[in-house]
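In what follows, a single structure is set out as structure tokens and then discussed.
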Amino acid sequence: PLKPLTANLKAAVEETEMLRHTYGAVNILIADASYTLVPKEYYAEQYEEEFYQQNISTPTTGYIVMHNQVGDEQIVTLFAIEKQLHKYITTQYPKAKVYAAISPLINFGVERSYASGKKYTLLNIRKHSIDFMCYENAMPLLVNTFKYKDTADALYFLLNCWSTLGLSQTDDTLHIVGQSRQGKTLTKELEKFIQHIHLVRPAEEFHSTELARIDEMPFDLQALIACE
């Protein structure tokens, strides 16, 4: 049987000397966390759980809702993690900053949108899920993460987003992160429908850090390190 996430983390800390050291700063990225975005002007910390549950139907019993300020602090990402995991993290790393995996990706998209005169669309392809983001004038028009079973499933969702946002198949550009086997297959299919596709290469985007040259490192982690 699979161990709970907290038990796996405890075991990793016990078995890995590097994780037991004391550091000046610790950042923790929570992958696959359910999240929702709230404009900063509507956000109030005392209503975090209410805001979260307006859009996420999963009960928060046994979870704690946290937040990150993103997009030049104009947007708040709300996400939930297990209370036991949160207690262990704050005990083991009392000064740690905890982020939803989507948060550094939102910041990356906002920064790139500043330099773009058009809508900026970013696709982060992972093994079982995809992050889709579209910005205009550095503000998100759509941010969504969805799980997919196969290429056809992912293609249907992505092209529906493209159409709903009024993006052009011949004028707008889709920026893609993640060239695993699934990513290459999906990219090849998307090229049949979208004329301009740009592959985002971490070594080019984050040329100032050696970590960007580690191909196996997830892009959200690279974006977090680069923005620190």
Side-chain angles (χ1 to χ4, degrees), residues 27 29-44 47-58 60 65-81 97-116 118-148 153-168 172-178 183 186-187 190 194 197-198 200 202 205 218-224 226-227:
N27 294 325
L29 205 61
I30 306 296
D32 296 325
S34 297
Y35 66 88
T36 189
L37 304 183
V38 179
K40 180 66 180 299
E41 59 264 33
Y42 296 113
Y43 169 76
Y47 299 122
E48 280 188 345
E49 190 164 336
E50 286 84 348
F51 279 128
Y52 179 82
Q53 294 215 284
Q54 280 183 352
N55 293 324
I56 307 295
S57 58
T58 306
T60 55
V65 177
M66 303 186 69
H67 74 274
N68 304 141
Q69 292 189 12
V70 296
D72 285 346
E73 300 189 351
Q74 298 304 306
I75 307 160
V76 178
T77 305
L78 296 179
F79 63 103
I81 68 171
K97 295 180 181 178
V98 183
Y99 298 89
I102 196 68
S103 291
L105 293 176
I106 293 173
N107 284 332
F108 174 85
V110 167
E111 289 180 4
R112 296 306 181 271
S113 179
Y114 274 125
S116 174
K118 300 180 180 179
K119 292 177 182 176
Y120 182 89
T121 306
L122 180 67
L123 186 66
N124 181 39
I125 303 173
R126 292 181 284 175
K127 188 173 183 179
H128 299 296
S129 64
I130 289 178
D131 304 308
F132 181 87
M133 290 151 277
C134 182
Y135 306 81
E136 187 171 27
N137 298 323
M139 290 301 294
L141 298 176
L142 175 65
V143 177
N144 199 0
T145 299
F146 65 95
K147 297 185 183 297
Y148 66 97
D153 184 30
L155 192 65
Y156 175 83
F157 182 87
L158 293 169
L159 293 178
N160 183 61
C161 289
W162 196 266
S163 176
T164 300
L165 291 166
L167 296 167
S168 170
D172 290 305
T173 300
L174 176 61
H175 300 79
I176 296 182
V177 176
L186 182 54
T187 299
L190 284 167
I194 299 172
I197 290 181
H198 173 75
V200 178
E205 296 290 340
F219 190 79
D220 44 29
L221 182 55
Q222 293 176 337
L224 177 61
C227 293

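Position 1 is the first residue of the sequence, and the numbers go up from there. Keep in mind that this is a model prediction, so the values were computed, not measured.
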Check against side-chain contact (heavy atoms from CB on, under 4.5 Å), L37 and I106: CA-CA 10 Å; L37 304 183; I106 293 173; 3.8 Å; yes

Would N107 and Y99 count as a side-chain hydrogen bond (donor to acceptor under 3.5 Å, both in side chains) if you check the C-alpha gap in whole Å, the side-chain angles of each, and the deciding distance to 0.1 Å? CA-CA 12 Å; N107 284 332; Y99 298 89; over 6 Å; no

Would I176 and L190 satisfy side-chain contact (heavy atoms from CB on, under 4.5 Å), going step by step from the backbone distance to the final call? CA-CA 10 Å; I176 296 182; L190 284 167; 4.0 Å; yes

Under the side-chain contact (heavy atoms from CB on, under 4.5 Å) rule, what do V38 and L78 come out as? Steps first, then yes or no, please. CA-CA 8 Å; V38 179; L78 296 179; 3.8 Å; yes

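Taken to the nearest 0.5 Å, the CG atom of L224 stands 5.0 Å off from the CG atom of N27. One distance of note links CD1 of I194 with CG of L158; it measures 7.5 Å at 0.5 Å rounding. Summarising the geometry, atom CG belonging to L165 is positioned 5.0 Å from atom SG belonging to C134; distances are rounded to the nearest 0.5 Å. For the atom pair K119 NZ and Y135 OH, the distance stands at 14.5 Å (nearest 0.5 Å).
A heavy-atom distance below 4.5 Å is not found between the side chains of D72 and K40. No side-chain heavy atom of N68 sits less than 4.5 Å from a side-chain heavy atom of K97. Using a 4.5 Å heavy-atom threshold, the side chains of M133 and L105 count as touching. Proximity of Q54 to T36: side-chain heavy atoms (C-beta onward) are nowhere separated by under 4.5 Å. The shortest side-chain heavy-atom distance between L155 and L186 falls under the 4.5 Å cut-off. The closest side-chain heavy-atom distance from I102 to T77 is below 4.5 Å. At a threshold of 4.5 Å between non-hydrogen side-chain atoms, the residues C161 and N144 do not count as touching. Residues L29 and P104 meet the side-chain proximity criterion, which asks for heavy atoms closer than 4.5 Å.
Residues passing the side-chain contact (heavy atoms from CB on, under 4.5 Å) test with Y47 are A44, E50, F51, sequence neighbours excluded.
Taking the six-membered ring for Trp, F157 and F132 have ring centres at least 6.0 Å apart.
Donor-acceptor pairing under 3.5 Å is lacking for the side chains of S103 and Y35.
Under the 30°/60° scheme for interplanar angles, the aromatic rings of F108 and F219 are found to stand perpendicular.
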